[in-house]
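Along the sequence shown, residues carry numbers from 1. For clarity, every value in this text was computed on a predicted model and none was experimentally measured.
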Amino acid sequence: MHRTSRRPFAPTPPSRSRRRLLVGCVAVAAALGLAACGTANGALQPPSAAAESQTRSPATAPPSGTAATTIAPAPGSDAVPPGAGSPAASAPAVPAVPAVPAKPTPKPSTATGSPVSAAPSAPVTPAAPAAPSTPAADPSAPAAPPPHTGAGTVIGSTASGGRTVALTFDDGPGPATGQILDLLAQYHAKATFCQIGQNAAANPTMVKRVLAAGHRLCDHSVHHPQPFAKLPHDRAVDEITTARNMIVQAGGPGTEVGWFRAPGGGFNADNEHITAGLGMSSLGWSVDPRDWARPGTPAIVAAVQKQLKPGGVVLMHDGGGDRGQTVAALKQLLPWLVAEGYTFDFPAA
């Protein structure tokens with residue numbers, strides 16, 4: 001039997017209209033989400049595009065949208081907790097706009113005055129500080145007093161020596177002078193009163209009473225300036241000389257002033273020389289109970305009893321303030337001195 005050979009089956013090529021239909025269906029399906037789903041999970045992303053997005057450096061990434069303005073939060077705020085590091089450490093890995101390094105601050109050119117970029121320069125060694133200049137001496141300033149070389153002439157003992165004591169009272173005449181004179185009279189005690197010139201001039205009656213009772217007078221300057229040893233020569237001359245003249249005038253004819261006591265004990269060679277030139281001796285002391293500071297009656301009494309040695313000169317005050325403690329102390333010291341065998345004398349001259 002004759003077998004007829006069969007040709008292989010070949011599909012009939014679609015017509016042109018059917019091909020258009022198929023292409024349209026594929027396009028519709030892609031529009032309905034096949035392409036979108038593939039893009040979202042990366043399946044349909046072209047390999048070249050994915051590699052490029054992973055290898056592209058932040059500096060070359062193209063900006064998208066409006067450039068962001070970066071505000072560095074203050075340390076310790078909610079944006080940057082304390083210890084979290086600098087704001088740059090918490091910034092996104094890929095900034096939208098790359099940071100641009102700041103340009104160096106221009107400075108004027110020394111030649112033209114136009115701005116030029118500041119270039120780093122080698123460190124400059126600071127110049128050594130200039131030595132302070134010595135101010136010129138003021139020709140009108142008074143000369144400094146000479147060194148104190150005459151301290152040995154200041155008297156601190158009684159005229160007779162032995163078991164004697166010289167009581168001296170400064171800064172009067174004052175309200176307490178009369179009470180002290182009354183106490184001295186009770187014990188037949190003699191004393192020396194170092195008077196302020198202006199106080200003597202203001203109370204000549206008391207000056208005369210001092211002299212009438214057999215006591216002696218001492219110059220204690222006009223105004224009691226301190227430190228007395230720092231006074232210029234002319235001022236020292238005026239303080240010593242004028243005070244003596246005021247005391248002599250207050251005491252009347254025949255008044256003698258045998259000593260000068262510098263306020264605060266401020267003796268120096270200059271004022272000692274002035275004193276000697278006026279026929280007076282420089283009077284110091286050996287016992288100072290500091291009654292002027294009003295430390296209390298017991299303290300005054302105790303200081304005198306402790307410091308006194310035979311032939312000593314005791315410093316106390318009848319002026320310059322409230323001398324109630326001095327008067328009260330003298331009421332105890334006078335009988336004690338008598339009981340201790342002291343007799344009353346004047347300072348050496």
Side-chain angles (χ1 to χ4, degrees), residues 154-196 199-200 206-207 209-220 247 251 256-265 280-295 297-349:
V154 178
I155 296 169
S157 61
T158 61
S160 303
R163 202 165 184 82
T164 58
V165 59
L167 300 178
T168 64
F169 298 90
D170 284 11
D171 297 348
T177 305
Q179 300 177 62
I180 292 174
L181 288 174
D182 292 339
L183 286 171
L184 294 174
Q186 292 179 24
Y187 292 90
H188 307 285
K190 303 301 179 183
T192 303
F193 289 82
C194 300
Q195 297 181 337
I196 300 292
N199 290 348
M206 189 60 66
V207 177
R209 182 181 170 186
V210 168
L211 292 172
H215 305 294
R216 303 213 178 154
L217 299 177
C218 168
D219 179 343
H220 199 38
I247 295 170
E256 296 182 0
V257 181
W259 300 269
F260 168 73
R261 173 174 279 168
M280 299 184 294
S281 300
S282 297
L283 178 58
W285 58 83
S286 61
V287 179
D288 181 9
R290 297 176 62 84
D291 64 319
W292 59 268
R294 296 192 292 274
T297 299
I300 297 172
V301 172
V304 173
Q305 293 176 343
K306 180 179 180 180
Q307 297 178 29
L308 181 62
K309 301 293 187 293
V313 177
V314 180
L315 168 65
M316 289 187 287
H317 295 76
D318 65 323
D322 181 5
R323 297 301 166 223
Q325 293 183 10
T326 302
V327 173
L330 197 59
K331 291 179 180 179
Q332 300 180 40
L333 287 171
L334 286 171
W336 176 81
L337 289 169
V338 173
E340 291 293 316
Y342 280 93
T343 58
F344 301 98
D345 198 1
F346 297 112

Could you walk me through whether L184 and I180 pass the side-chain contact (heavy atoms from CB on, under 4.5 Å) test, one step at a time?
CA-CA 6 Å; L184 294 174; I180 292 174; 3.9 Å; yes
Let me see the working for R261 and L315 under side-chain contact (heavy atoms from CB on, under 4.5 Å), right down to the final yes or no.
CA-CA 11 Å; R261 173 174 279 168; L315 168 65; 3.2 Å; yes
Take T177 and R209, measure what side-chain hydrogen bond (donor to acceptor under 3.5 Å, both in side chains) needs, and give me the verdict at the end.
CA-CA 10 Å; T177 305; R209 182 181 170 186; over 6 Å; no
Run the side-chain contact (heavy atoms from CB on, under 4.5 Å) test on L181 and V210 for me, step by step, so that the C-alpha distance in whole Å, both residues' side-chain angles and the decisive distance to 0.1 Å come before the verdict.
CA-CA 7 Å; L181 288 174; V210 168; 4.1 Å; yes
Would D171 and H220 count as a side-chain contact (heavy atoms from CB on, under 4.5 Å) if you check the C-alpha gap in whole Å, the side-chain angles of each, and the deciding distance to 0.1 Å?
CA-CA 7 Å; D171 297 348; H220 199 38; 3.1 Å; yes
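Taking the side chain as every heavy atom from C-beta outward, Y342 and L333 never approach each other to under 4.5 Å. In this structure, the side chains of V313 and T192 stay at 4.5 Å or more apart for every pair of heavy atoms.
D322 pairs by the side-chain hydrogen bond (donor to acceptor under 3.5 Å, both in side chains) definition with nothing, not counting sequence neighbours.
Atoms CZ and CG, from F346 and L167 in turn, are 10.0 Å apart once rounded to the nearest 0.5 Å. In this structure, CG on D219 lies 5.0 Å from CD1 on I247, to the nearest 0.5 angstrom. The structure places CD of Q179 at 7.0 Å from NZ of K331, a figure rounded to the nearest 0.5 Å. Taken from CG in D182 to CG in L330, the straight-line distance is 11.0 Å, to the nearest 0.5 Å. Note that NE2 of H317 is 9.0 Å distant from SG of C194, once rounded to the nearest 0.5 Å.
For the residue pair V314 and T168, the shortest heavy atom distance occurs at O-OG1, 2.7 Å. Nearest heavy atoms, C218 versus L283: SG-CD2, 4.1 Å. Closest non-hydrogen pair, P289 versus I300, comes out as CB-O, 3.8 Å. Here the closest heavy-atom approach between residue N199 and residue G172 is recorded as CB-O, 3.5 Å. Across all non-hydrogen atoms, the minimal contact from Q195 to P173 is NE2-CG, 3.6 Å. Nearest heavy-atom pair, T158 versus A166, reported as atom, atom and distance to 0.1 Å: CG2-N, 3.6 Å.
Electrostatic pairing of E256 and R216 does not count as a salt bridge here, judged by no charged N lying under 4.0 Å from a carboxylate O. Between R323 and D170 there is no salt bridge, since no side-chain nitrogen of the basic residue lies less than 4.0 Å from a carboxylate oxygen of the acidic one.
Remark: side-chain polar atoms of W259 are not paired, donor with acceptor, to backbone N or O of G284 under 3.5 angstrom. A donor-acceptor contact shorter than 3.5 Å links the side chain of R163 to the backbone of E340. A donor-acceptor pair is defined here as one N or O able to donate and one able to accept, closer than 3.5 Å; such a pair exists between the side chain of D345 and the backbone of S160. With Q307 contributing its side chain and D288 its backbone, the two residues share a donor-acceptor pair below 3.5 Å. Looking at K309, its side chain never comes within 3.5 Å of a backbone N or O of V287 through a donor-acceptor pair.
Sorted by first and then second residue, the ring pair (Phe, Tyr, Trp, His ring centres under 6.0 Å) pairs involving residues 160-194 (not counting sequence neighbours) are F169-F193, F193-H215.
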